[in-house]
Amino acid sequence: MRDEDVSAASGTLLDWYDRHARVLPWRVAPADLRAGGRPDPYRVWLSEVMLQQTTVAAVGPKFERFLSLWPDVHALAGAADADVMAEWAGLGYYARARNLLKCARVVSGDLGGEFPRERAGLLKLPGIGPYTAAAISAIAFDHPEVVVDGNVERVVARLFAVETPLPQAKPELTEMAGMLTPAQRPGDHAQAMMDLGATICSPTKPACGICPLVTPCRARAAGNAAELPRKTRKAPKPVRLGYAYVARRSDGALLLERRPPRGLLGGMLGWPGSDWGDSPTETPPFAADWQEVPREVRHTFTHFDLRLAIRVACVSHEVDASRGDFVDNADFEPTSLPTLMRKVWKLAESSLPPL
DNA sequence: CAGCCGTGGGT
DNA sequence: TACCCAAGGCT
């Protein structure tokens with residue numbers, strides 16, 4: 001594509017964005033930007049971290065909830081770890097929540113509450129990688145950074161008919177995304193590329209008929225837009241087995257434990273359980289008359305499928321558990337558990353006698 | 001640097 | 001059902 005064609009495509013995209021930009025809680029509309037409005041860097045950062053590998057639909061309510069609880073970076077920096085983890089429950093990739101707090105405390109404590117404006121400064125902060133650093137710099141501060149996420153990779157791969165499979169094609173796609181990035185309104189450009197990828201240039205069924213870039217798109221011309229970008233197939237997930245133990249005291253308190261601060265579901269609350277593998281050993285947190293729950297919990301993680309057998313026990317006040325702590329019934333919030341543990345509770349609760 | 005790290009929705 | 005996929009980062 002010639003330079004003038006690239007420039008024309010970029011302009012066409014911005015025109016489309018002016019008319020079709022989605023209204024999102026963390027976004028400042030193009031017209032409001034022109035009127036002098038600027039996004040709140042705290043909101044941009046919070047939304048971008050939440051949006052990492054997560055859909056807009058899932059992020060929306062969480063973003064609003066976080067903002068109401070912690071309206072600025074100082075408020076978030078002062079929050080208790082357990083409160084932030086509880087509010088993040090259900091969003092997944094819990095290292096994001098741990099790094100979110102670390103980052104908030106650095107910005108609030110060491111940077112006077114001001115986020116770095118430059119990509120390099122942002123990159124040093126916990127939980128901010130190449131994508132997020134560029135996105136914050138571009139969207140919050142309108143710096144001409146090249147923002148490349150999965151949407152941009154797909155749009156560019158199609159626009160330039162890149163046949164190289166991912167992740168090998170990443171440098172090539174980044175260079176092409178850079179050619180498209182304009183000096184004016186780079187923040188809107190970045191969001192336009194991502195909107196286009198999310199709503200029109202979709203993974204399996206691109207709506208080329210209504211795409212503003214249909215004319216210059218080389219994959220469309222070749223008729224293989226839906227097949228790009230090419231990717232190598234992933235290996236099937238192994239199945240792991242395990243046990244989870246739900247103990248309820250006579251006063252209704254439930255035995256929960258804080259998981260280790262790293263690794264799977266790190267830092268989150270959960271039910272005590274066995275190791276997860278081919279042949280887990282039963283390791284209840286104390287001796288009791290553990291009852292089998294007839295159904296098992298099935299849950300899919302990024303790199304394995306899990307099947308958990310559930311055991312429940314009703315015990316007296318005096319029981320002494322080797323792991324975890326009893327949480328008062330009034331303080332127990334299933335919504336503060338990661339989804340896997342919420343599934344376990346749902347099954348366990350149905351097989352426990354009423355209090 | 002390739003593997004680890006969640007979850008819900010779409011096809 | 002069994003995949004695929006999403007505004008990735010960390011180690």
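Just so it is clear, the values below take in all heavy atoms, side chains as well, and ignore hydrogens, waters and symmetry mates. In what follows, chains carry the letters A, B, and so on, assigned in the order in which the sequence lines appear, proteins first and then strands, with residues in each chain numbered from 1.
- In summary, the side chains of A/K343 and A/H299 do present a donor paired with an acceptor at a separation below 3.5 Å, with no hydrogens or angles considered.
- The CZ atom of A/R220 sits 11.5 Å away from the SG atom of A/C201 when rounded to the nearest 0.5 Å.
- Base engagement by A/L91 is indicated by at least one non-hydrogen atom pair under 4.0 Å involving a base atom.
- Here the CZ-CG distance, from A/F115 to A/L125, works out to 7.5 Å after rounding to the nearest 0.5 Å.
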With the criterion being N/O to N/O and under 3.5 Å, what pairs connect the protein with nucleotides 8-11 of chain C, and how long is each?
{"unit_1": "C/dG8", "atom_1": "OP1", "unit_2": "A/G150", "atom_2": "N", "d": "3.3"}
{"unit_1": "C/dG8", "atom_1": "OP2", "unit_2": "A/Q53", "atom_2": "N", "d": "2.9"}
{"unit_1": "C/dG8", "atom_1": "OP2", "unit_2": "A/Q53", "atom_2": "NE2", "d": "3.0"}
{"unit_1": "C/dG8", "atom_1": "O5'", "unit_2": "A/Q53", "atom_2": "N", "d": "3.4"}
{"unit_1": "C/dG8", "atom_1": "O5'", "unit_2": "A/Q53", "atom_2": "NE2", "d": "3.4"}
{"unit_1": "C/dG9", "atom_1": "OP1", "unit_2": "A/G129", "atom_2": "N", "d": "2.9"}
{"unit_1": "C/dG9", "atom_1": "OP1", "unit_2": "A/G129", "atom_2": "O", "d": "3.4"}
{"unit_1": "C/dG9", "atom_1": "OP1", "unit_2": "A/T132", "atom_2": "N", "d": "2.9"}
{"unit_1": "C/dG9", "atom_1": "OP1", "unit_2": "A/T132", "atom_2": "OG1", "d": "2.6"}
{"unit_1": "C/dG9", "atom_1": "OP2", "unit_2": "A/P130", "atom_2": "N", "d": "3.4"}
{"unit_1": "C/dG9", "atom_1": "OP2", "unit_2": "A/Y131", "atom_2": "N", "d": "3.2"}
{"unit_1": "C/dC10", "atom_1": "OP1", "unit_2": "A/G127", "atom_2": "N", "d": "2.7"}

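- With A/F326 as the aromatic partner, A/R249 meets the cation-pi criteria of under 6.0 angstrom to the ring centre and within 45 degrees of the ring axis.
- To the nearest 0.5 angstrom, A/L269 atom CG is 11.5 Å from A/L254 atom CG.
- Here chain A contacts DNA chain B (any atom closer than 4.0 Å to a heavy atom, that is under 4.0 Å), and the contacts span B/dC4 to B/dT11 from 5' to 3'.
- Nucleic acid contact class of A/R154 (heavy atoms, under 4.0 Å, all strands): sugar-phosphate only.
- As a whole-Å value, the separation of A/R230 CZ from C/dC5 P is 13 Å.
- Comparing A/W26 and A/K234, the nucleotide of DNA chain C nearest to each residue sits closer to the 5' end for A/K234.
- Residue A/R233 is in sugar-phosphate contact alone, with no base atom involved, counting any heavy-atom pair closer than 4.0 Å across all strands shown.
- Residues passing the side chain to side chain donor-acceptor pair (under 3.5 Å) test with A/R22 are A/D195, sequence neighbours excluded.
- A side-chain N or O of A/T164 and one of A/E172 form a donor-acceptor pair less than 3.5 Å apart.
- Taking atom CZ on A/R298 and atom P on C/dC3, their separation rounds to 14 Å, with Å as the unit.
- Nucleotide C/dC5 holds its P atom 12 Å from the CD atom of A/E153, rounded to whole Å.
- Note on A/G90: only backbone sugar-phosphate atoms sit closer than 4.0 angstrom, heavy atoms only; bases stay farther off.
- Put simply, the side chain of A/K62 gets close to the backbone of A/E87: a donor and an acceptor are under 3.5 Å apart.
- Across all strands, A/L24 comes closer than 4.0 Å to base atoms (heavy-atom distances).
- In this structure, A/R218 forms no cation-pi arrangement with A/F160, as its terminal cationic atom is not both closer than 6.0 Å to the ring centre and no more than 45° off the ring axis.
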